Amino acid sequence: MYKVKHIMPLSEIQDNLLEIQEFISIDYDADNGHEVIDRAKKIEQYMALTGKMLADAKFHKDEVYQSNFVNAIKSNTNASPSTLNKYLDSLVRDYQYLVDWCDRLNRTCTHQLDFSRTLISKLKAEMQHIQG
């Protein structure tokens, strides 16, 4: 059976998310081609990292969910399946938050990278027009 390795610790995921959140939130000079290209390169790195962290955060969440599943069924024998699901969801609430945050930052990186490509194309067209 396959055993997953190299799972990022939760504290490292959170630290990286804070760093990425700060980076994607800062203003930059969209008319400076070098700055746009440098930013796009950094966003590409962050996009790969957020994808990995998303998988790792889901792994952590699933691990906690699975470890509590049997106990939840045993201790709540009269509970409906939907109630059990709500209970288990409450146990992994913080993990789900990290999953959601990773997912949102990954999508934001994708959109910002697309926007960077648009800016680069615009700046390139402007340069060609000037050189004429």
Side-chain angles (χ1 to χ4, degrees):
M1 181 156 95
Y2 179 72
K3 178 70 175 155
V4 176
K5 300 176 188 170
H6 310 295
I7 301 298
M8 191 179 296
L10 291 169
S11 60
E12 191 176 338
I13 292 172
Q14 184 168 336
D15 291 346
N16 283 321
L17 289 172
L18 288 167
E19 176 186 322
I20 296 166
Q21 183 72 52
E22 184 178 322
F23 179 82
I24 64 170
S25 300
I26 60 173
D27 288 332
Y28 64 100
D29 183 3
D31 292 325
N32 181 330
H34 294 291
E35 191 171 339
V36 173
I37 290 169
D38 290 344
R39 183 176 174 81
K41 288 178 182 177
K42 188 71 170 175
I43 289 172
E44 284 179 327
Q45 294 170 350
Y46 282 151
M47 193 162 62
L49 181 58
T50 55
K52 167 76 166 102
M53 291 188 310
L54 177 59
D56 291 355
K58 284 181 180 180
F59 182 85
H60 286 294
K61 176 191 161 203
D62 290 346
E63 220 174 30
V64 171
Y65 195 95
Q66 183 181 20
S67 69
N68 286 286
F69 184 77
V70 173
N71 289 339
I73 291 175
K74 286 181 181 177
S75 62
N76 298 295
T77 56
N78 294 330
S80 69
S82 62
T83 301
L84 284 174
N85 282 334
K86 291 290 183 188
Y87 171 71
L88 289 167
D89 287 345
S90 73
L91 294 177
V92 296
R93 176 187 70 213
D94 293 341
Y95 299 90
Q96 183 61 48
Y97 177 81
L98 289 178
V99 168
D100 293 343
W101 194 5
C102 289
D103 182 55
R104 293 311 316 149
L105 285 182
N106 185 268
R107 290 172 189 245
T108 300
C109 285
T110 301
H111 296 305
Q112 286 200 6
L113 188 57
D114 288 343
F115 184 65
S116 294
R117 288 185 187 118
T118 301
L119 287 174
I120 292 167
S121 294
K122 174 189 169 272
L123 293 170
K124 183 179 174 184
E126 288 173 356
M127 290 295 289
Q128 288 173 344
H129 179 70
I130 290 171
Q131 292 174 352

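Source: prediction; values computed, not measured.
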Participant: Looking only at heavy atoms, what is the nearest atom pair of Thr50 and Cys102, with distance?
Facilitator: CB-O, 4.0 Å

Participant: If you draw a 6.0 Å radius around NZ in Lys124, do more than 12 non-hydrogen atoms from other residues or ligands fall strictly inside?
Facilitator: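 Check fails, neighbour count at 12 or below.
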
Participant: Show, in sequence, the C-alpha distance, side-chain angles and deciding distance for His60 and Leu98, and conclude whether the side chain to side chain contact (heavy atoms under 4.5 Å, CB included) test is met.
Facilitator: CA-CA 10 Å; His60 286 294; Leu98 289 178; over 6 Å; no

Participant: Is there a path from Leu10 to Tyr97 through hydrophobic residues (I, L, V, M, F, W, Y) whose side chains come within less than 4.5 Å of each other?
Facilitator: yes

Participant: With a 4.5 Å cut-off on side-chain heavy-atom distances among I, L, V, M, F, W and Y, is there a chain of contacts connecting Met8 to Phe59?
Facilitator: no

Participant: Can you tell me how far apart CZ (Arg107) and CZ (Arg104) are? Round to the nearest 0.5 Å.
Facilitator: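 CZ of Arg104 is found 5.5 Å from CZ of Arg107.
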
Participant: Will you find, in the side chains of Tyr95 and Glu63, an N or O donor that is under 3.5 Å from an N or O acceptor?
Facilitator: no

Participant: Applying side chain to side chain contact (heavy atoms under 4.5 Å, CB included) to Leu113 and Thr110, what does each step give before you reach the verdict?
Facilitator: CA-CA 5 Å; Leu113 188 57; Thr110 301; 5.9 Å; no

Participant: Report yes or no: does Asn16 contribute a side-chain atom to a donor-acceptor pair with the main-chain N or O of Glu12 at less than 3.5 Å?
Facilitator: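 Flag set: sc Asn16 to bb Glu12 pair under 3.5 Å.
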
Participant: Please determine whether side chain to side chain contact (heavy atoms under 4.5 Å, CB included) holds for the pair Ile24 and His111, giving the CA-CA distance in whole Å, both sets of side-chain angles, and the decisive distance to 0.1 Å.
Facilitator: CA-CA 11 Å; Ile24 64 170; His111 296 305; over 6 Å; no

Participant: Indicate if Ile20 and Leu18 have the same hydrophobic cluster label, given that clusters are the connected sets of ILVMFWY residues with side-chain heavy-atom separations under 4.5 angstrom.
Facilitator: yes

Participant: What pair of heavy atoms forms the shortest contact from Val64 to Ser67, and how long is it?
Facilitator: O-OG, 2.9 Å

Participant: Show me the donor-acceptor pairs within less than 3.5 Å that the side chains of residues 25-36 make with the rest of the protein, sequence neighbours left out.
Facilitator:
unit_1 : atom_1 : unit_2 : atom_2 : d
Ser25  : OG     : Gln21  : O      : 2.7
Asp29  : OD1    : Asp31  : N      : 3.0
Asn32  : OD1    : His34  : N      : 3.0
Asn32  : OD1    : Glu35  : N      : 3.1
Glu35  : OE2    : Asp29  : N      : 3.1

Participant: Between Asp38 and Lys42, is there a side-chain N and carboxylate O pair less than 4.0 Å apart?
Facilitator: no

Participant: Could you tell me the separation between the SG atom of Cys109 and the CD atom of Gln45, rounded to the nearest 0.5 Å?
Facilitator: 10.5 Å

Participant: Please round to the nearest 0.5 Å and tell me the distance separating atom NZ of Lys41 and atom CD1 of Ile37.
Facilitator: 7.0 Å

Participant: Is it true that Ile13 and Phe23 fall in one hydrophobic cluster, defined by side-chain heavy atoms closer than 4.5 Å?
Facilitator: yes

Participant: After noting the C-alpha distance and the side-chain angles of Met47 and Gln112, does the key distance pass the side chain to side chain contact (heavy atoms under 4.5 Å, CB included) rule?
Facilitator: CA-CA 10 Å; Met47 193 162 62; Gln112 286 200 6; over 6 Å; no

Participant: Do Val92 and Leu17 belong to the same hydrophobic cluster, where Ile, Leu, Val, Met, Phe, Trp and Tyr are linked whenever their side-chain heavy atoms lie under 4.5 Å apart, directly or via other members?
Facilitator: yes

Participant: Whether Arg117 and Asp114 form a salt bridge (side-chain N of Lys/Arg under 4.0 Å from carboxylate O of Asp/Glu) is what I want to check.
Facilitator: yes

Participant: Which distance, rounded to the nearest 0.5 Å, do you find between the CG of Asp89 and the CG of Leu84?
Facilitator: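 Answer for the CG-CG pair, Asp89 versus Leu84, is 10.5 Å.
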
Participant: CG/Leu88 to OG/Ser90 distance, rounded to the nearest 0.5 angstrom?
Facilitator: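 With rounding to 0.5 Å, CG (Leu88) is 7.5 Å from OG (Ser90).
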
Participant: For Lys52, check side chain to side chain contact (heavy atoms under 4.5 Å, CB included) against everything at least two apart and list the hits.
Facilitator: Asp56

Participant: Rounded to the nearest 0.5 Å, what separation is found between the CZ atom of Arg39 and the CD1 atom of Ile120?
Facilitator: 11.5 Å

Participant: How are the rings of Phe69 and Tyr65 set to each other: parallel, tilted or perpendicular (split at 30° and 60°)?
Facilitator: parallel

